Amino acid sequence: MSFPLLTVTAAVPAVGAVLTAAVPAARRTAAKWLALLVSLATLALAVLVAVRFEPGGARYQLTESHAWIADFGVRYELGVDGIGVALIGLTALLIPFVIAAGWHDADPLETSSSRWRPTQGFFALILLVEAMVVISFEATDVFLFYIFFEAMLIPMYFLIGGFADRAHSGSDENAAAQRSYAAVKFLLYNLVGGLIMLAAVIGLYVVAGNFSLQEITAARAAGTLDMATNTERLLFLGFFFAFAVKAPLWPLHTWLPNAMGEATAPVAVLITAVVDKVGTFAMLRFCLGLFPEASKWATPVILVLALVSIVYGALLAVGQRDIKRLVAYASISHFGFIILGIFAMTSQGQSGATLYMVNHGLSTAALMLVAGFLISRRGSRLIADYGGVQKVAPVLAGTFLIGGLATLSLPGLAPFVSEFLVLVGTFARYPVVGIIATLGIVLAALYTLVLYQRTMTGPVKEEVRTMPDLRLRELLVVAPLIALLIGLGVYPKPLTEIVNPAVKHTLSDVHQKDPKPEVAVEAKNREAAK
């Protein structure tokens with residue numbers, strides 16, 4: 001039996017979570033270092049997965065398959081394609097930065113109790129989320145995927161509701177109430193989506209007789225599994241609804257601003273840069289793979305919803321007074337671009353969407369973590385409470401600017417490549433949709449530059465006059481993210497080589513080919529006329 005690399009990659013953070021939670025109450029620093037070391041070990045395993053993955057090889061590689069609940073056709077099946085490899089790498093890369101950025105976020109305000117261990121719990125929950133997200137990217141059994149798709153809601157609920165953002169502008173009671181509201185709203189929205197998906201998962205088993213993604217797609221390709229049109233559409237809607245809530249897609253997005261606004265900055269990064277990517281990833285793997293005809297049937301409506309997300313999210317970001325909620329609404333706009341690329345049904349669009357998942361994770365992490373450092377110094381999330389920060393903390397202001405420029409997809413930074421591919425791929429098949437989507441670029445420049453102007457430039461406010469610049473730990477968190485944003489913006493080839501073969505397989509599932517450019521068609525017609 002070959003080494004179960006995928007299982008180990010998911011098991012290491014899960015075991016690390018248990019060990020971190022078991023650290024004695026008085027050993028908070030030891031718990032932090034243990035969690036960081038476990039996350040670095042997971043990153044090393046993710047790198048090994050990427051090294052062993054062969055882009056030109058089989059669609060799913062490093063596969064594992066074991067009987068689990070044989071009577072119901074449930075198997076423990078894992079495998080990764082290029083898209084899964086890229087997102088596992090993103091997850092494993094970001095978790096060490098999340099841990100380092102939140103180094104003091106869960107330190108207890110009172111040390112009188114020897115039983116209460118918020119620090120251990122905080123870092124254990126982060127590692128537990130990482131384990132569940134990683135195995136979600138690996139699972140090729142639909143039921144196995146569903147279990148972890150839903151299970152990750154529990155640790156996220158406690159991370160949002162149990163650990164305070166200490167920059168809340170209201171009273172402690174009001175802050176606790178808003179935090180509880182945000183956590184419950186997050187849980188209820190996603191549970192409703194998950195329950196609808198469960199009904200669709202059961203329906204899929206009734207139709208297909210098993211839960212294996214590879215077996216079902218192979219049977220559909222061979223013509224031995226024929227779903228009735230209405231059945232396929234209903235099953236597709238059940239899966240897509242759950243993924244659209246997780247993504248989040250308008251109008252199912254309203255939980256995200258509350259969750260990101262009330263959570264600590266590292267947990268906000270965990271939500272939008274890591275957990276939400278499971279939704280868009282699942283659209284590619286399961287919606288298009290299992291229900292190709294229904295995916296094409298639903299495409300016009302989904303494109304409209306994606307356009308609304310792009311424009312609506314950007315417009316609300318422009319009007320925000322809260323820094324963290326601004327980043328949340330900007331993320332809604334960005335997820336609209338990702339979903340637009342997926343359902344454009346072109347190789348450029350889907351490659352761009354996958355790159356967008358990675359690059360959005362990097363850019364949002366950089367911007368949100370620097371914003372968290374800024375907020376922790378001033379004790380306020382309100383934009384109006386800042387001004388002139390670049391004069392007293394130039395390194396903080398500079399890193400904030402780079403994170404913001406990446407968010408607006410400035411050429412030379414990684415998100416530009418992905419956004420450009422999404423728009424090109426969309427325009428090739430749906431030119432009107434592509435034109436409208438470019439409005440999101442204009443609005444992104446507006447909300448990002450206005451945010452920087454109001455917080456970093458102008459007269460120095462008295463409350464920020466003594467604000468310290470980034471410390472060494474904070475620089476070690478931000479600098480690698482900025483380096484990656486620049487590096488992948490200049491040279492994205494390492495990612496595209498991994499992703500493109502998987503995209504071709506996905507397009508093959510839905511029986512789509514890239515439309516020929518009109519110029520080439522016209523030239524061919526002229527040649528034929530001669």
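Please read all numbers here as calculations on a predicted model, not as lab measurements.
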### Message
So, using side-chain contact (heavy atoms from CB on, under 4.5 Å) as the criterion, who are the partners of T231 when residues are at least two apart?
### Response
V207, A228, L235
### Query
Is the backbone N or O of G336 less than 3.5 Å from a side-chain atom of S309, with the two atoms forming a donor-acceptor pair by type?
no
#### Entry: Trace of the ring pair (Phe, Tyr, Trp, His ring centres under 6.0 Å) decision for F291 with F240
CA-CA 10 Å; F291 316 111; F240 181 80; over 10 Å; no
### Task
Spell out, as yes or no, whether a donor-acceptor pair under 3.5 Å connects the side chain of E138 to the backbone of L78.
no
### Task
Using the side-chain contact (heavy atoms from CB on, under 4.5 Å) rule, take K246 and M152 through it: C-alpha gap first, then chi angles, then the decisive distance, then the call.
CA-CA 11 Å; K246 184 85 79 178; M152 69 179 71; 3.9 Å; yes
## Note on the structure
Residues pairing under salt bridge (charged side-chain N to carboxylate O under 4.0 Å, His left out) where one sits in residues 47-60, two or more places apart or in two chains, turn out to be R59-D509
### Summary
For L401, the side-chain contact (heavy atoms from CB on, under 4.5 Å) test, sequence neighbours excluded, returns L405, Y452
### Query
Which residues satisfy the side-chain contact (heavy atoms from CB on, under 4.5 Å) test with V98, sequence neighbours excluded?
I126, P266, V269
### Message
Is it the case that the side chain of E215 and the backbone of N210 share a donor-acceptor pair, with hydrogens and angles ignored and the cut-off at 3.5 Å?
### Response
no
### Query
So, S333 side chain and G313 main chain: donor-acceptor pair closer than 3.5 Å or not?
no
### Query
Where the side chain of Q348 meets the backbone of L421, is there a donor-acceptor pair that is under 3.5 Å apart?
no
### Flag, side chain of E232 to backbone of T229, donor-acceptor distance under 3.5 Å
no
### Task
Under the side-chain contact (heavy atoms from CB on, under 4.5 Å) rule, what do F239 and L204 come out as? Steps first, then yes or no, please.
CA-CA 10 Å; F239 277 74; L204 179 66; 4.2 Å; yes
### Task
Could you walk me through whether F186 and L153 pass side-chain contact (heavy atoms from CB on, under 4.5 Å), step by step?
CA-CA 8 Å; F186 161 82; L153 301 179; 3.8 Å; yes
### Query
Mind checking whether F281 and F137 have ring centres under 6.0 Å apart?
yes
### Pair listing, side-chain hydrogen bond (donor to acceptor under 3.5 Å, both in side chains) test, anchored in residues 403-428, at least two apart
Y356-E419, N359-S418, S409-E419
### Summary
By salt bridge (charged side-chain N to carboxylate O under 4.0 Å, His left out), R233 pairs with (sequence neighbours left out) none
### Query
Does atom OH of Y146 have more than 12 heavy-atom neighbours, drawn from other residues, nucleotides or ligands, at distances under 6.0 Å?
yes
### Message
Once salt bridge (charged side-chain N to carboxylate O under 4.0 Å, His left out) is applied, do any residues pair with E150, and if so which ones, sequence neighbours excluded?
### Response
none
### Message
Taking C287's backbone N and O only, do any of them form a donor-acceptor pair with S295's side chain (distance below 3.5 Å, no angle check)?
### Response
yes
### Sequence-distant partners of K504, salt bridge (charged side-chain N to carboxylate O under 4.0 Å, His left out), two or more places apart
none
### Message
Tell me whether F143 at atom CZ has more than 12 heavy atoms from other residues, nucleotides or ligands lying less than 6.0 Å away.
### Response
no
#### Entry: Ring centre gap for F335 and H360 strictly below 6.0 Å
yes
### Query
Which residues pass the ring-ring contact (aromatic ring centres under 6.0 Å, His included) test with Y205, sequence neighbours left out?
F211
### Query
Any donor and acceptor pair, going by atom type alone, linking the side chain of K277 with main-chain N or O of T272 inside 3.5 Å?
yes
### Query
What class does the angle between the rings of F236 and W297 fall in, given that below 30° is parallel, 30 to 60° is tilted and above 60° is perpendicular?
perpendicular
### Output field: ring centroids Y76/W68 closer than 6.0 Å
no
### salt bridge (charged side-chain N to carboxylate O under 4.0 Å, His left out) contacts touching residues 484-500 (sequence neighbours left out)
K493-E497
### Heavy-atom donor-acceptor pair, W255 side chain to V245 backbone, under 3.5 Å
yes
### Query
Side chains of L94 and L270: does their closest heavy-atom pair fall under 4.5 Å?
no
#### Entry: Greater than 12 external heavy atoms within 6.0 Å of F241's CZ
yes
### Query
Between K324 and A371, is there a donor-acceptor pair closer than 3.5 Å when you use the side chain of the first and the backbone of the second?
no
### Query
With sequence neighbours excluded, what pairs up with F400 under the ring-ring contact (aromatic ring centres under 6.0 Å, His included) test?
none
### Where at least one partner belongs to residues 76-93, residue pairs that pass salt bridge (charged side-chain N to carboxylate O under 4.0 Å, His left out), sequence neighbours excluded
R75-E77, D81-R285
